[in-house]
Amino acid sequence: MTLYDLTLVQVQFGALRALDIDRLSLPENSACALLGPNGSGKTTLLHVLALLRPPTRGAVSFMGEPVSWREKTLLPLRRKVVLVDQHPIMFSTTVIKNVSYGPKMRGESRSFQKRIALECLDRVGMKEYADRPAHRLSGGETQRVAIARALACGPRVLLLDEPTAGVDIENQSVVEKIIFDLCSEKNMSILFSTHNPIQAERLARSKIYLSAGRLAAPAAENRFPARVLQQNGLLALIDNREIHTGPPPEIFSTGSFVSIDPEKIRVYANARGNSGPRNGWLAAKVLQISAETDRIRVVLDAGKAGGTLLTALLKAGDVRQNRIVPGDSVQITLDPDALRIEKPPA
Amino acid sequence: MTLYDLTLVQVQFGALRALDIDRLSLPENSACALLGPNGSGKTTLLHVLALLRPPTRGAVSFMGEPVSWREKTLLPLRRKVVLVDQHPIMFSTTVIKNVSYGPKMRGESRSFQKRIALECLDRVGMKEYADRPAHRLSGGETQRVAIARALACGPRVLLLDEPTAGVDIENQSVVEKIIFDLCSEKNMSILFSTHNPIQAERLARSKIYLSAGRLAAPAAENRFPARVLQQNGLLALIDNREIHTGPPPEIFSTGSFVSIDPEKIRVYANARGNSGPRNGWLAAKVLQISAETDRIRVVLDAGKAGGTLLTALLKAGDVRQNRIVPGDSVQITLDPDALRIEKPPA
Amino acid sequence: MDFLTKSLAEAAGMLASLDPELYFIVYVSLKVALVSTLIASAAGVPLGFFIAIRKFRGKRGVITVLNTLLALPTVVIGLFVYALLSRQGALGSLGLLYTPAAIVTGQVILILPWVAAFTVSAVSRIDERYRRTAMTLGAGPFQTAFAILREARFGIIGAVIAAFGRVIAEIGIAMMLGGNIKGFTRTMTTAMALEHNKGEFVLAVALGIILLAVSLAMNILLQLAQGRYGEDR
Amino acid sequence: MDFLTKSLAEAAGMLASLDPELYFIVYVSLKVALVSTLIASAAGVPLGFFIAIRKFRGKRGVITVLNTLLALPTVVIGLFVYALLSRQGALGSLGLLYTPAAIVTGQVILILPWVAAFTVSAVSRIDERYRRTAMTLGAGPFQTAFAILREARFGIIGAVIAAFGRVIAEIGIAMMLGGNIKGFTRTMTTAMALEHNKGEFVLAVALGIILLAVSLAMNILLQLAQGRYGEDR
């Protein structure tokens, strides 16, 4: 069974379209990371998935049921999913009363509330804080208690909004370890947002990328404000650099964007003695290479002067064979269908 | 001439020692990045360097002169250095009045104020915003105007606190480009803090690492809360994993930290058929490889279960020869003097 | 200064001797102020809470009107209620003029907007995340409202304390609607204002000491409530 | 209700006929309130600004005292100043009792803590980054202080407006120290409170209309200043 099915979901804040998702399915018992830059809509998506914010348009179905967004039918559904905010707040009472809030709302007995709260606090290593005032904890401690408070609700889905942002360095690894353990939990799906690709890679089994409110290719960084010119029938201008592309692009004035599919960038080590840029090739410098689920993620500096960051997704074999090491100068080409040009908003 | 000389500088906030620097020299005309995790003292150091916060203890000298921290002698020195805050605030007036504030304070003529302000706004591409109310700009626009406002002071030193934090994605590359251009400026030193190693690598010519208020080895991540046990005379326990070390460590209870020198970690590709861990070796997985000034930075997952992130600094040749690619399982050893054990605070 | 010192000494003696006239005036003042505050709070706190947590058309306008009503001068309220309660007035037949009930009526009109407006402000200051947190943890609409109310408790207590401090120290309404009738509607403020140059100066000073003590005590309570409140956020 | 409507109609007629007695009372009220506000602001704004931007021992205590003085009841101030200015009082020889100067003295004592406390609060709300930004851009100590003052301007204007609104509507001080002398110290509030059941009801209603208009106007100005202020941050 799928956990969530989103169809043509949009969230509009005044003039800003914060979220614009054509179709998104999340399977049950998944451990999924939600990636994207600041302002890309991660938090808005989490609020929709937590059934806290009805989308402006579109249909959401949760655990096979279409969500009607009427308060009466919503409550039982909402009790199956818990969101932990980016900077969680604590009710101004003790830690244990915070953690037992969920069971209390569900009408559980006092003894059950206490038992489950202590159990969950123990899981995050905060049992000895049970009787402390909750609003005096540090950022990292608050995050851990907030996770315990969410777990005490016994949710089928746990949503975490940037769980390690604003957490001190000592608690960061503790929180990551808790999430790692939760990700292998049976009978609970987990979805967390992060801006840290390494964290996503280590903790999650799958990933979603957001860029400007839309689902994006797994390297949303490759999106540039661009003037696109039809010149020689074949060229696109990005950040004043020429990049080859197959079909002649349409002509737009400023305000348009160019996205480059990271899977369609080829990277070649500089051939010996062949240092000058060849026709149709771009010179670039390798900055970073990291592991992606079944690919290698290569971050390239393709600009003239501190210029344009490009992300390519390559096969491990290609990287090994080419002996590409960060710091290397390389040459890149784009496949004919690598470029996607977005019209400026009307 | 050195720009700054700090000797035994400490900044204390109540019980917290936010900054504790034994010795730091910054050369003139440098372009330097200041790295370190949240709460490591980056902002506090910038405030000291901007001559805005006298250290609790220690001596600062600026452009050859010892700083006395008396308001009278401080003002002429402070007029040579400008700090751009992490989230800069704008005075509630027009953009151009904000930018001409520095020249105005220096008693420049109105026509000069206006000319220099427009010039600086032009440099950051915000000239057409001159007459807008400054406190209604977006985060990225505010950052650009704040840089223009700082430049209008004609400083010898420009300090930027996380200049791309809180900046929308479109403006991020613009701000980076501005910083890149400023870094190649003659007669102006630039120091910026960032938590993005790629940004530091691309924009700066040198780097400073801070960890818990102290200057740190160039990979401060290798610092773990640890129980260190004298066991077999040779072992240290980190995060419940055993790591070899040469000299028998002292015994501390909880609260101590272990740092591992990233230059003293050796990484070996798994020998064929020799997959089990050998004596004195640790198994790890390569997560990320990136370029560091004259080294390659390798991020390793050395934990059992989503465990311990280790950073190693290797030579490019070693990486190439070993054909290490992210995703690989590798084995690592530590040099006998790789571990440094910090006593818990008294 | 000698005169002031002498009056203070005599007033202290009067306070110590448990003068029945003095303490009856204090009793009337406290009773009237307490009843006014209770009525205004019983209506104003739910009203303010409702305005703060509900979204409805014209909400901004309602809050502006509420804030504007804060400026109602006591003498204007007094005059308005007088016109209603006087023999020629619409409610003249009730015979309430120059009774404690008349003072309470005017004072409730005075502080109801205070209690409501400060409740709106206290509840609005509560971070949106409290609502979201309660909801995501499975609270229904009433439980969510209660969680928000609970977080705003110090602000709301502060509103009630401020309202009590305001009515205990006001004079316009008490004078115009109570009429300073000895042993019936004479309050601390009316006695002080009207009797001081009729040979009752020592009584006035003694009442002044008590009124000052009550006012300062309310203010200190208010600062404690706000301080506690501020610390919590 | 008929009575109230009739009174309102007659009062409107009185307002329209530019009745000299009516407008002289309004003139005295506005003059006294304005002078009080100006004196209190001239002292209270710098005092509050100084307390807010300086660090000194006992700052918290000074702010607590200032906040506590907000609760001084008008009748207590009136009684205290009366004791000073009455023939037997320390300043009795000045002959100020029952003059506009006496009212001003009492009102300044009333609102000086208001102006100062609200200035402290307005300046303290100004983000620490404004100070830092001014300093790093090369401003000296006075220029930095001026930059902060400039950012706090709407809050400070709000404090002054609130103070004016408070004195124009207060009655305790005006009555006890002015004595409601016709053509000299009779203010809107004292006239309304003391004359309404002596056949001067229409005058009282006419004054009530003007006082209400002034109070609401002040309050609306205050809301604008605060709104503008809030929007800026």
Side-chain angles (χ1 to χ4, degrees), chain C residues 1-4 6-8 64 67-80 82-84 86-92 162 165 168-173 175-176 179 188-194 196-197 201 204-205 207-209 211-212 214-220 222-223 226, chain D residues 1-4 6-8 64 67-80 82-84 86-92 165 168-173 175-176 179 188-194 196-197 201 204-205 207-209 211-212 214-220 222-223 226-227:
Chain C
M1 221 34 127
D2 197 36
F3 169 59
L4 192 61
K6 190 166 143 262
S7 308
L8 281 172
T64 303
N67 282 330
T68 306
L69 291 179
L70 294 184
L72 277 185
T74 54
V75 286
V76 172
I77 295 171
L79 194 68
F80 172 75
Y82 178 88
L84 285 183
S86 72
R87 259 169 307 163
Q88 304 138 287
L91 304 175
I168 196 83
E170 81 81 29
I171 167 171
I173 291 168
M175 189 166 61
M176 291 174 75
M188 292 195 276
T189 53
T190 52
M192 284 171 67
L194 297 175
H196 65 284
N197 47 4
F201 194 78
V205 172
L207 288 172
I209 292 169
L211 178 57
L212 191 61
V214 172
S215 294
L216 297 189
M218 284 301 129
N219 183 287
I220 287 163
L222 179 63
Q223 289 190 52
Q226 286 171 337
Chain D
M1 215 40 120
D2 197 37
F3 170 59
L4 191 60
K6 190 165 144 264
S7 308
L8 280 172
T64 304
N67 282 331
T68 306
L69 290 178
L70 295 183
L72 276 186
T74 54
V75 285
V76 171
I77 294 171
L79 194 68
F80 174 74
Y82 177 88
L84 286 183
S86 72
R87 258 171 307 164
Q88 302 137 288
L91 303 176
I168 196 82
E170 80 82 29
I171 167 169
I173 291 168
M175 189 166 60
M176 291 174 77
M188 292 195 277
T189 53
T190 53
M192 283 172 67
L194 297 175
H196 65 282
N197 47 3
F201 194 79
V205 172
L207 287 172
I209 292 169
L211 179 57
L212 192 61
V214 172
S215 293
L216 297 190
M218 285 300 129
N219 184 288
I220 286 162
L222 179 63
Q223 288 190 53
Q226 287 172 337

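Here is how names work: the chains are called A, B, and so on, in the same order as the sequence lines, proteins then strands, and each is numbered from 1.
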Next on the checklist: Applying the side chain to side chain contact (heavy atoms under 4.5 Å, CB included) criterion to D:P73, which one of C:L211, C:L216, C:T189, C:I168 satisfies it?
Outcome noted: C:L211
Checklist outcome for this item: Comparing C:G78, C:G208, C:S215, C:A169 against chain D, the one with the most heavy-atom pairs below 4.5 Å turns out to be C:S215
Checklist entry - At a heavy-atom separation under 4.5 Å, does C:T64 approach chain D through its side chain, its backbone, both, or neither? => result both
Checklist entry - When heavy-atom pairs shorter than 4.5 Å are enumerated against chain D, which of C:L70, C:I171, C:I173, C:T190 gives the highest number? => result C:I171
Checklist entry - chain D heavy atoms under 4.5 Å from C:V214: which part of the residue, side chain, backbone, both or neither? => result neither
Checklist entry - Picking from D:I220, D:T74, D:V76, which has the most non-hydrogen pairs under 4.5 angstrom with chain C? => result D:V76
Checklist entry - Looking at OG of D:S7 and CZ of C:F80, how far apart are the two atoms once the value is rounded to the nearest 0.5 Å? => result 11.5 Å
Checklist entry - Do C:Q88 and D:K6 come within less than 4.5 Å of each other through their side chains, counting heavy atoms only? => result no
Item to check | Part of C:L207 within contact of chain D (heavy atom distance under 4.5 Å) | outcome: neither
Next on the checklist: Testing the basics here: between C:A193 and D:V75, what is the closest heavy-atom pair and its distance to 0.1 Å?
Outcome noted: CB-CG1, 4.2 Å
Next on the checklist: Using heavy-atom distances under 4.5 Å, tell me whether C:M176 contacts chain D through its side chain, its backbone, both, or neither.
Outcome noted: both
Checklist entry - D:N219 pairs by side chain to side chain contact (heavy atoms under 4.5 Å, CB included) with which of C:L72, C:L69, C:T68? => result C:T68
Checklist entry - Which residues pass the side-chain contact (heavy atoms from CB on, under 4.5 Å) test with C:A204, sequence neighbours left out? => result C:M192, C:H196, D:L79
